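The structure appears below as C-alpha coordinates.
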Amino acid sequence: MPELPEVETVVRDLRPHLVGSRIASLRVSRHRLRQRWLPAWNQLLLGRQVKEIRRRGKWICALLDDDRYLVFHLGMSGQLTIVARELPVQKHTHVIFDLDDGVSQLRFRDIRRFGLVVVVEDQAALEALLDPGKLGPEPFDLKPAYWRRRLTATRRCLKAALLDQRLVAGVGNIYADESLFEAGLPPTQRGSQTSADEADRLRRSIVRVLNRAIARRGSSIQSYVGGEGLQGEYQNEFRAYGRTGEPCPRCDTPIERIRLAGRSTHFCPRCQKKAVRGR
DNA sequence: ATAGGCGCCTGCTGGC
DNA sequence: TGCCAGCAGGCGCCTA
(Lines give C-alpha, C1' and ligand atoms only; values in the text may rest on other atoms or scores of the structure.)
Protein backbone atom coordinates (compact mmCIF):
# COMPACT_ATOMS: atom_id res chain seq x y z
CA MET A 1 0.00 0.00 0.00
CA PRO A 2 1.92 2.89 1.22
CA GLU A 3 4.61 4.30 -1.00
CA LEU A 4 6.93 7.17 -0.31
CA PRO A 5 4.32 9.96 -0.03
CA GLU A 6 2.17 7.95 2.37
CA VAL A 7 5.14 6.96 4.53
CA GLU A 8 6.43 10.54 4.53
CA THR A 9 3.01 11.74 5.67
CA VAL A 10 2.94 9.22 8.49
CA VAL A 11 6.38 10.30 9.68
CA ARG A 12 5.51 14.01 9.56
CA ASP A 13 2.28 13.35 11.45
CA LEU A 14 3.96 11.24 14.12
CA ARG A 15 7.02 13.41 14.70
CA PRO A 16 5.49 16.03 17.01
CA HIS A 17 3.75 13.36 19.10
CA LEU A 18 6.60 10.90 19.27
CA VAL A 19 9.85 12.81 19.56
CA GLY A 20 10.59 13.27 23.26
CA SER A 21 7.98 10.72 24.32
CA ARG A 22 8.85 7.58 26.27
CA ILE A 23 7.40 4.11 25.90
CA ALA A 24 5.61 3.47 29.18
CA SER A 25 4.37 -0.02 28.27
CA LEU A 26 3.53 -2.10 25.22
CA ARG A 27 1.51 -5.03 24.00
CA VAL A 28 2.02 -7.28 20.99
CA SER A 29 -0.53 -9.57 19.32
CA ARG A 30 0.40 -13.18 18.73
CA HIS A 31 -0.09 -12.96 14.98
CA ARG A 32 3.23 -12.86 13.29
CA LEU A 33 4.07 -10.11 10.84
CA ARG A 34 6.64 -10.45 8.06
CA GLN A 35 9.17 -10.88 10.82
CA ARG A 36 8.54 -12.37 14.23
CA TRP A 37 8.54 -10.17 17.32
CA LEU A 38 11.33 -11.20 19.71
CA PRO A 39 10.19 -11.38 23.35
CA ALA A 40 13.44 -9.71 24.46
CA TRP A 41 12.30 -6.52 22.74
CA ASN A 42 9.61 -5.92 25.33
CA GLN A 43 12.17 -5.26 28.07
CA LEU A 44 14.52 -3.34 25.81
CA LEU A 45 11.82 -0.89 24.82
CA LEU A 46 10.36 -0.15 28.24
CA GLY A 47 11.12 3.41 29.30
CA ARG A 48 12.95 4.25 26.07
CA GLN A 49 12.61 7.76 24.73
CA VAL A 50 12.22 8.51 21.02
CA LYS A 51 14.95 10.91 19.94
CA GLU A 52 13.94 11.27 16.30
CA ILE A 53 11.87 9.66 13.58
CA ARG A 54 12.66 9.62 9.91
CA ARG A 55 11.80 7.98 6.62
CA ARG A 56 14.09 6.11 4.26
CA GLY A 57 12.37 4.84 1.12
CA LYS A 58 9.25 3.15 2.46
CA TRP A 59 10.85 2.48 5.85
CA ILE A 60 10.18 4.31 9.10
CA CYS A 61 13.06 4.50 11.60
CA ALA A 62 12.66 5.81 15.14
CA LEU A 63 15.96 6.44 16.95
CA LEU A 64 15.77 5.62 20.66
CA ASP A 65 17.81 7.06 23.53
CA ASP A 66 19.87 3.85 23.80
CA ASP A 67 20.89 4.22 20.13
CA ARG A 68 18.72 1.32 19.09
CA TYR A 69 16.13 1.84 16.38
CA LEU A 70 12.49 0.90 16.26
CA VAL A 71 11.86 0.23 12.58
CA PHE A 72 8.57 -0.12 10.73
CA HIS A 73 7.56 -1.13 7.22
CA LEU A 74 3.90 -0.77 6.32
CA GLY A 75 3.76 -3.47 3.64
CA MET A 76 0.48 -3.28 1.72
CA SER A 77 -1.96 -2.39 4.48
CA GLY A 78 0.01 -1.11 7.46
CA GLN A 79 -1.19 1.81 9.58
CA LEU A 80 0.93 3.55 12.20
CA THR A 81 -1.11 6.04 14.15
CA ILE A 82 -1.22 8.11 17.33
CA VAL A 83 -4.48 7.34 19.07
CA ALA A 84 -6.06 8.33 22.38
CA ARG A 85 -5.89 5.40 24.82
CA GLU A 86 -9.59 5.25 25.42
CA LEU A 87 -10.43 4.70 21.75
CA PRO A 88 -11.39 1.10 20.96
CA VAL A 89 -8.63 -1.07 19.55
CA GLN A 90 -9.44 -1.99 15.97
CA LYS A 91 -9.17 -5.52 14.67
CA HIS A 92 -5.72 -6.33 13.19
CA THR A 93 -3.88 -4.05 15.61
CA HIS A 94 -0.58 -5.83 16.27
CA VAL A 95 1.50 -3.58 18.47
CA ILE A 96 0.39 -0.93 20.96
CA PHE A 97 2.88 1.41 22.66
CA ASP A 98 1.58 3.41 25.60
CA LEU A 99 3.29 6.79 25.67
CA ASP A 100 4.36 8.49 28.88
CA ASP A 101 1.93 11.39 28.45
CA GLY A 102 -0.55 8.98 29.96
CA VAL A 103 -3.18 9.57 27.29
CA SER A 104 -1.91 8.52 23.88
CA GLN A 105 -0.75 5.37 22.19
CA LEU A 106 1.22 4.55 19.08
CA ARG A 107 -0.58 1.72 17.33
CA PHE A 108 0.61 -0.49 14.50
CA ARG A 109 -2.26 -2.05 12.60
CA ASP A 110 -1.90 -4.21 9.51
CA ILE A 111 -4.75 -6.16 7.97
CA ARG A 112 -2.70 -8.24 5.57
CA ARG A 113 0.37 -8.55 7.80
CA PHE A 114 2.93 -7.97 5.07
CA GLY A 115 4.32 -5.23 7.28
CA LEU A 116 7.12 -5.35 9.77
CA VAL A 117 8.11 -3.99 13.18
CA VAL A 118 11.64 -4.70 14.38
CA VAL A 119 14.12 -3.46 16.93
CA VAL A 120 17.55 -2.80 15.44
CA GLU A 121 20.62 -2.92 17.69
CA ASP A 122 22.53 0.12 16.49
CA GLN A 123 23.42 2.36 13.58
CA ALA A 124 25.51 -0.35 11.91
CA ALA A 125 22.66 -2.85 12.05
CA LEU A 126 20.31 -0.25 10.60
CA GLU A 127 22.70 0.37 7.74
CA ALA A 128 22.81 -3.36 7.11
CA LEU A 129 19.02 -3.51 7.00
CA LEU A 130 18.80 -0.50 4.68
CA ASP A 131 21.94 -1.48 2.77
CA PRO A 132 22.50 0.89 -0.17
CA GLY A 133 22.95 -2.19 -2.35
CA LYS A 134 19.32 -3.12 -1.63
CA LEU A 135 17.89 0.35 -1.16
CA GLY A 136 18.85 2.99 -3.70
CA PRO A 137 18.93 6.77 -3.29
CA GLU A 138 15.96 8.88 -2.32
CA PRO A 139 14.19 10.17 -5.46
CA PHE A 140 14.88 13.75 -4.39
CA ASP A 141 18.62 13.08 -4.24
CA LEU A 142 18.88 11.28 -7.57
CA LYS A 143 21.95 12.45 -9.45
CA PRO A 144 21.15 12.81 -13.15
CA ALA A 145 24.27 10.91 -14.21
CA TYR A 146 23.58 8.05 -11.81
CA TRP A 147 19.97 7.77 -12.94
CA ARG A 148 20.87 7.78 -16.64
CA ARG A 149 23.53 5.17 -16.05
CA ARG A 150 21.34 2.81 -14.04
CA LEU A 151 18.35 3.18 -16.33
CA THR A 152 20.22 2.61 -19.57
CA ALA A 153 22.14 -0.31 -18.07
CA THR A 154 19.03 -2.48 -17.85
CA ARG A 155 17.00 -4.22 -20.51
CA ARG A 156 13.99 -4.30 -18.23
CA CYS A 157 11.03 -2.10 -18.96
CA LEU A 158 10.75 1.31 -17.30
CA LYS A 159 7.89 0.15 -15.09
CA ALA A 160 9.97 -2.69 -13.66
CA ALA A 161 12.96 -0.39 -13.19
CA LEU A 162 10.88 2.15 -11.24
CA LEU A 163 9.59 -0.56 -8.91
CA ASP A 164 13.11 -1.80 -8.19
CA GLN A 165 14.02 -0.27 -4.82
CA ARG A 166 17.73 -0.72 -5.64
CA LEU A 167 17.52 1.87 -8.42
CA VAL A 168 15.48 4.42 -6.52
CA ALA A 169 13.83 4.06 -3.13
CA GLY A 170 10.19 4.67 -2.36
CA VAL A 171 8.39 4.41 -5.71
CA GLY A 172 5.64 1.78 -5.87
CA ASN A 173 2.91 0.82 -8.28
CA ILE A 174 0.84 4.00 -8.11
CA TYR A 175 3.66 6.51 -8.41
CA ALA A 176 5.46 4.47 -11.06
CA ASP A 177 2.40 4.76 -13.30
CA GLU A 178 1.82 8.42 -12.44
CA SER A 179 5.47 9.32 -13.04
CA LEU A 180 5.54 7.59 -16.43
CA PHE A 181 2.37 9.42 -17.40
CA GLU A 182 3.86 12.73 -16.28
CA ALA A 183 6.98 12.00 -18.33
CA GLY A 184 5.00 10.82 -21.35
CA LEU A 185 6.97 7.59 -21.52
CA PRO A 186 5.59 4.11 -22.24
CA PRO A 187 5.86 1.75 -19.27
CA THR A 188 6.96 -0.99 -21.67
CA GLN A 189 9.98 0.86 -22.98
CA ARG A 190 13.26 -0.81 -22.14
CA GLY A 191 15.64 1.06 -19.90
CA SER A 192 18.38 0.49 -22.45
CA GLN A 193 16.30 2.26 -25.12
CA THR A 194 15.97 5.39 -23.04
CA SER A 195 17.74 8.56 -24.15
CA ALA A 196 19.51 10.87 -21.73
CA ASP A 197 16.73 13.35 -22.30
CA GLU A 198 14.02 10.86 -21.48
CA ALA A 199 15.83 9.63 -18.40
CA ASP A 200 16.06 13.19 -17.17
CA ARG A 201 12.42 13.85 -17.92
CA LEU A 202 11.48 10.75 -15.98
CA ARG A 203 13.64 11.72 -13.01
CA ARG A 204 12.05 15.16 -12.83
CA SER A 205 8.59 13.67 -13.25
CA ILE A 206 9.11 11.31 -10.32
CA VAL A 207 10.11 14.21 -8.09
CA ARG A 208 7.19 16.37 -9.20
CA VAL A 209 4.62 13.61 -8.76
CA LEU A 210 5.93 12.60 -5.35
CA ASN A 211 6.02 16.19 -4.13
CA ARG A 212 2.47 16.78 -5.29
CA ALA A 213 1.35 13.58 -3.58
CA ILE A 214 3.08 14.55 -0.34
CA ALA A 215 1.36 17.95 -0.49
CA ARG A 216 -1.94 16.03 -0.66
CA ARG A 217 -0.94 13.74 2.20
CA GLY A 218 -0.63 10.67 -0.02
CA SER A 219 -3.27 8.48 -1.66
CA SER A 220 -5.96 6.56 0.21
CA ILE A 221 -7.47 3.68 -1.72
CA GLN A 222 -8.55 1.18 0.88
CA SER A 223 -6.71 1.18 4.13
CA TYR A 224 -4.16 3.97 4.06
CA VAL A 225 -4.32 6.65 6.74
CA GLY A 226 -1.66 9.07 7.98
CA GLY A 227 -0.20 9.22 11.47
CA GLU A 228 -3.24 10.98 12.84
CA GLY A 229 -5.69 8.64 11.17
CA LEU A 230 -6.59 11.02 8.34
CA GLN A 231 -6.95 9.82 4.76
CA GLY A 232 -4.89 11.21 1.89
CA GLU A 233 -6.27 13.22 -1.02
CA TYR A 234 -4.00 12.43 -3.94
CA GLN A 235 -6.20 9.56 -5.17
CA ASN A 236 -8.45 12.29 -6.56
CA GLU A 237 -5.64 13.48 -8.79
CA PHE A 238 -4.55 10.25 -10.39
CA ARG A 239 -4.13 10.70 -14.10
CA ALA A 240 -3.42 7.09 -15.05
CA TYR A 241 -3.42 4.76 -12.04
CA GLY A 242 -6.77 3.04 -11.57
CA ARG A 243 -8.37 4.99 -14.43
CA THR A 244 -8.75 2.12 -16.90
CA GLY A 245 -11.18 3.07 -19.66
CA GLU A 246 -11.50 6.65 -18.48
CA PRO A 247 -10.37 9.46 -20.80
CA CYS A 248 -6.75 10.55 -20.63
CA PRO A 249 -6.71 14.00 -19.02
CA ARG A 250 -4.44 15.26 -21.81
CA CYS A 251 -5.91 13.71 -24.97
CA ASP A 252 -9.14 11.88 -24.03
CA THR A 253 -7.89 8.53 -25.31
CA PRO A 254 -9.11 5.81 -22.93
CA ILE A 255 -6.49 4.80 -20.37
CA GLU A 256 -5.32 1.23 -20.85
CA ARG A 257 -4.40 -1.35 -18.30
CA ILE A 258 -1.84 -4.07 -18.87
CA ARG A 259 0.16 -6.41 -16.68
CA LEU A 260 3.87 -5.59 -16.36
CA ALA A 261 6.42 -6.83 -13.87
CA GLY A 262 3.54 -8.74 -12.32
CA ARG A 263 1.70 -5.53 -11.53
CA SER A 264 -1.31 -3.74 -12.95
CA THR A 265 -0.04 -0.93 -15.14
CA HIS A 266 -2.08 2.03 -16.36
CA PHE A 267 -1.11 4.36 -19.17
CA CYS A 268 -2.32 6.46 -22.09
CA PRO A 269 -1.49 4.66 -25.33
CA ARG A 270 -1.38 7.98 -27.18
CA CYS A 271 0.50 10.32 -24.82
CA GLN A 272 2.94 7.71 -23.59
CA LYS A 273 4.52 6.73 -26.85
CA LYS A 274 8.19 6.49 -27.69
CA ALA A 275 9.46 9.55 -29.53
CA VAL A 276 6.23 11.53 -29.58
CA ARG A 277 6.94 15.19 -29.83
CA GLY A 278 4.96 17.54 -27.63
CA ARG A 279 1.66 15.83 -27.01
C1' DA B 1 20.32 -10.56 -16.02
C1' DT B 2 15.50 -10.92 -15.89
C1' DA B 3 10.82 -12.64 -16.34
C1' DG B 4 7.40 -15.10 -14.18
C1' DG B 5 5.34 -17.50 -10.56
C1' DC B 6 4.41 -18.26 -5.87
C1' DG B 7 3.75 -17.26 -0.99
C1' DC B 8 2.82 -14.41 2.74
C1' DC B 9 -2.50 -12.40 4.45
C1' DT B 10 -7.39 -10.25 4.62
C1' DG B 11 -11.06 -7.95 2.49
C1' DC B 12 -13.75 -6.20 -1.18
C1' DT B 13 -16.08 -6.40 -5.71
C1' DG B 14 -18.33 -8.33 -9.59
C1' DG B 15 -20.20 -12.17 -12.08
C1' DC B 16 -23.03 -16.06 -12.03
C1' DT C 1 -28.70 -14.71 -0.87
C1' DG C 2 -24.35 -17.41 -1.63
C1' DC C 3 -20.17 -18.88 -3.80
C1' DC C 4 -15.97 -18.19 -6.31
C1' DA C 5 -12.55 -15.84 -8.86
C1' DG C 6 -9.87 -11.97 -9.19
C1' DC C 7 -8.11 -7.94 -7.49
C1' DA C 8 -5.32 -4.84 -4.10
C1' DG C 9 0.02 0.93 -2.21
C1' DG C 10 5.11 -4.82 -1.01
C1' DC C 11 8.65 -7.84 -1.15
C1' DG C 12 11.52 -12.04 -0.92
C1' DC C 13 12.40 -16.46 -2.85
C1' DC C 14 12.53 -19.78 -6.43
C1' DT C 15 12.81 -21.51 -11.19
C1' DA C 16 13.89 -21.33 -16.04
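Predicted, not measured: the structure shown is a model, and the values here were computed from it.
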Run the ring-ring contact (aromatic ring centres under 6.0 Å, His included) test against Trp147(A) and tell me which residues pass, sequence neighbours left out.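 Partners of Trp147(A) under the ring-ring contact (aromatic ring centres under 6.0 Å, His included) test: none.
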What is the distance, to the nearest angstrom, from the [atom1] atom on [X] to the [atom2] atom on [N]?
X         : N       : atom1 : atom2 : result
Leu116(A) : dC8(B)  : CG    : P     : 17 Å
Asp177(A) : dA8(C)  : CG    : C1'   : 13 Å
Tyr175(A) : dG10(C) : OH    : P     : 10 Å
Lys159(A) : dG4(B)  : NZ    : C1'   : 15 Å
Leu74(A)  : dC8(B)  : CG    : P     : 22 Å
Asp110(A) : dT10(B) : CG    : P     : 11 Å
Arg113(A) : dA8(C)  : CZ    : C1'   : 17 Å
Gln90(A)  : dT10(B) : CD    : C1'   : 15 Å

Identify whether any heavy atom of [X] sits under 4.0 Å from a base atom; if not, whether one sits that close to sugar-phosphate; answer base, sugar-phosphate or nothing.
X         : value
Arg259(A) : sugar-phosphate
Ile221(A) : base
Gly262(A) : nothing

Does a nitrogen or oxygen in the side chain of [X] sit under 4.0 Å from OP1 or OP2 of [N]?
X         : N       : value
Arg166(A) : dA1(B)  : no
His92(A)  : dG11(B) : yes
Ser264(A) : dC7(C)  : no
Arg112(A) : dG11(B) : no

Could you write out DNA chain B as a dot-bracket string, with dots for unpaired bases, | for bases paired across to another strand, and Watson-Crick or G-U pairs counted at under 3.5 Å? .|||||||.|||||||
I'd like the C1' distance from dC8(B) over to dC3(C), given in whole Å.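 Those two atoms are separated by 24 Å.
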Provide the distance between the two P atoms, one in dG10(C) and one in dA1(B), to the nearest whole Å.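 Rounded to whole Å, the distance is 24 Å.
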Under a 4.0 Å threshold between the charged nitrogen and the carboxylate oxygen, would [Y] count as salt-bridged to [X]?
X         : Y         : result
Lys51(A)  : Asp67(A)  : no
Asp200(A) : Arg148(A) : yes
Lys58(A)  : Glu3(A)   : no
Arg212(A) : Glu237(A) : no
Arg113(A) : Asp110(A) : no

Donor-acceptor under 3.5 Å (Arg32(A) side chain, Arg34(A) main chain):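 It does hold such a pair.
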Please confirm whether the backbone N or O of Val89(A) pairs with a side-chain atom of Thr93(A), one donor and one acceptor, at under 3.5 Å?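 Answer holds: no.
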Check nucleotides 11-16 of chain C against the protein and report each pair of N or O atoms closer than 3.5 Å, with its distance, or say if there are none.
from: dC11(C); atom 1: OP1; to: His73(A); atom 2: NE2; distance (Å): 2.9
from: dC11(C); atom 1: OP2; to: Lys58(A); atom 2: NZ; distance (Å): 3.1

Applying the side-chain contact (heavy atoms from CB on, under 4.5 Å) criterion to Leu185(A), which one of Gln272(A), Arg201(A), Lys274(A) satisfies it?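 With Leu185(A) as partner, Gln272(A), Arg201(A), Lys274(A) yield a single side-chain contact (heavy atoms from CB on, under 4.5 Å), made by Arg201(A).
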What I'd like to find out is whether the side chain of Leu44(A) reaches to under 4.5 Å of the side chain of Glu121(A), using heavy atoms alone.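 Side-chain contact under 4.5 Å: yes.
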